[in-house]
Protein chains: 2
Amino acid sequence: MTDDTTPEGTTAAAESDPAAADTDARTSPDAEAIGLAVSTVIFALRADDRFGAQGVAPTLWLPLVRRIRDPFDGRWALPGGPLGMTEGLADAARRTLGETTGLAPRYLEQLYAFGDVDRSPAGRMVSVVYWALVRSDEAARATVGQNVRWFPADELPELAFDHNLIVDYALWRLRTKMEYSRIAHALLGETFTLAQLREVHEAVLGKRLDPANFRRAVEGSDSIVDTGEFVTGARNRPPKLYRYDASVDLADNGPLPHP
Amino acid sequence: MTDDTTPEGTTAAAESDPAAADTDARTSPDAEAIGLAVSTVIFALRADDRFGAQGVAPTLWLPLVRRIRDPFDGRWALPGGPLGMTEGLADAARRTLGETTGLAPRYLEQLYAFGDVDRSPAGRMVSVVYWALVRSDEAARATVGQNVRWFPADELPELAFDHNLIVDYALWRLRTKMEYSRIAHALLGETFTLAQLREVHEAVLGKRLDPANFRRAVEGSDSIVDTGEFVTGARNRPPKLYRYDASVDLADNGPLPHP
DNA sequence: CCAAAAGTGTTGCTGTTACACCCATGA
DNA sequence: TCATGGGTGTAACAGCAACACTTTTGG
């Protein structure tokens, strides 16, 4: 960073003094490099079995990893790691997710880049954070171990770094986006009933929805397909089973390519 | 990056092999560092004076910087540069904006982090991109020079790197956000008429809006304050002058702190 | 038959669109 | 007084929330 080989970046100062950007205090020769990492907030819906109750409404959970070195040794943190030279940002998030849960995400989106000067006591660090949704049935058989544990999204301990803020922001994005996109589908299995889809919305948004109006809203959005099958066994009228219409995207990301 | 001092990042592999994340191919000792830069898409509204016409509807413009070194020597690019050790991401965007235009942004928001493996021919580079709005009256007296020039946002030349995609995405975000936030105000001066505010929306969205309905929508949003003054001189009824209500934010960024 | 949840119908409210109309000014 | 844009009023429409009602199963 002390020569003029900076591949990208063009300041106006370069017009009068091409070297200016490389010789000021910000990039002095003895400055350490800025670390670059990718972390992921992974959401899944789980039946809250902490009380052993049956038929309880599912809630949002996310996996955390216990740190085994300073800083924040012993504290829980978002899964992540340094960005590899040969992988894209989303690839790194996918890898992280797989290493932590053994799963592949049904939905993955970049959340934000966090780069405050003092966010890590161990040196300057910029984290590009993704958020992901995994299916509840898959999440049930996800990896668990001494240093990986699932937590309810609304009852997190004090996390390492600024990770509490990051999770708060991810939750806000999830709830905001739930109201105008189809991402709820990413939390369910291959087929599902409308009641299950409604439960997802209710769990994420934290409020009850009218079954009749919810049905019409979803049917009118043309994002689901009737499979013709039913679920029997319950002591009520058998509900229809639906499937996603894979031809419509879960969310509109504008001109960005799919992750 | 070859020892275990990685300040952040916690993979599940660490459970069985704490050093795994630091010894695999992604961070081999001889790997070069990944470059980290901040770029900014700066929007301003300008009367299109290319044809010398008067009273023409204003359109979106943005400043670009001509590169004076490889790769892409001679091509136009977004203003930006390497992130300094002692500045936050938004600070770097602000600095870039000031160095390019001599202005301070009225609105600044992180757009996206671009990090494809092959996006720069000169080595691995991750760019955290911001987008900004500056006031048209200020933009009129912004810096211009041999290597800084303003372009109409919809008639850009072929830019360096993936900067055409980045501008497309910034435009998409601007247009999307214009419909549900108050960011249009950031493109205007201290005081303005409702017709001017409507012109901003029309220029950005690319369609005509009903003056009557637009008035009611804005007045109902409680984001503007009547100054009690009028604009005289035109050969029509003098329009009221309004001012922003500074107590309301231009946009809702959830739990994120203000930039 | 009853409980429970699926699924349908209907009504009233609210916000938006389209457009007719009046107002105040400069020339 | 006329042209021009500022500003107000209003009827029609669309979408949605609330809720009554019917349907289909297991016990």
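Atom set for the values below is all heavy atoms of this structure, side chains included, hydrogens, waters and symmetry mates excluded. As the structure is a prediction and not an experimental result, all values here were calculated from the model. We name chains A, B, ... by the order of the sequence lines, and we start the count at 1 in each one.
With contacts defined as side-chain heavy-atom distances shorter than 4.5 Å, the pair L188(A)/Y244(A) qualifies. Residues R135(B) and F192(B) form no side-chain contact, since every pair of their non-hydrogen atoms from C-beta on lies 4.5 Å or further apart. Counting only heavy atoms from C-beta outward, the side chains of K240(B) and F230(B) approach each other to under 4.5 Å. At a threshold of 4.5 Å between non-hydrogen side-chain atoms, the residues I166(B) and H163(B) count as touching. Residues T100(B) and T40(B) fail the side-chain proximity criterion, which asks for heavy atoms closer than 4.5 Å. In this structure, Y180(A) and Y180(B) have side chains that are not in contact, with every pair of non-hydrogen atoms separated by 4.5 Å or more.
In this structure, CD of E179(B) is placed 10 Å from P of dT17(C), rounded to the nearest angstrom. In this structure, CZ of R198(A) is placed 10 Å from P of dA5(C), rounded to the nearest angstrom. Look at CG on N236(B): it is 15 Å from C1' on dC22(C), rounded to the nearest Å.
When each of P238(A) and A195(B) is assigned the nucleotide of DNA chain D with its nearest heavy atom, A195(B) is the one assigned upstream, toward the 5' end.
Across every non-hydrogen atom of L45(A) and S136(A), the tightest pair is O-CB, 3.1 Å.
Here the side chain of R175(B) pairs a donor or acceptor atom with the backbone of V204(B) at under 3.5 angstrom.
Of the residues in residues 202-230 of chain A, those lying under 4.0 Å from DNA chain C by heavy-atom distance are A212(A), R215(A), R216(A).
Applying the 3.5 Å distance criterion, the base of dT23(D) shares a donor-acceptor pair with the side chain of R237(A).
Paired regions of DNA chain C, where each region holds three or more successive Watson-Crick or G-U pairs whose two hydrogen-bonding distances fall under 3.5 Å, are C:1-27 with D:1-27.
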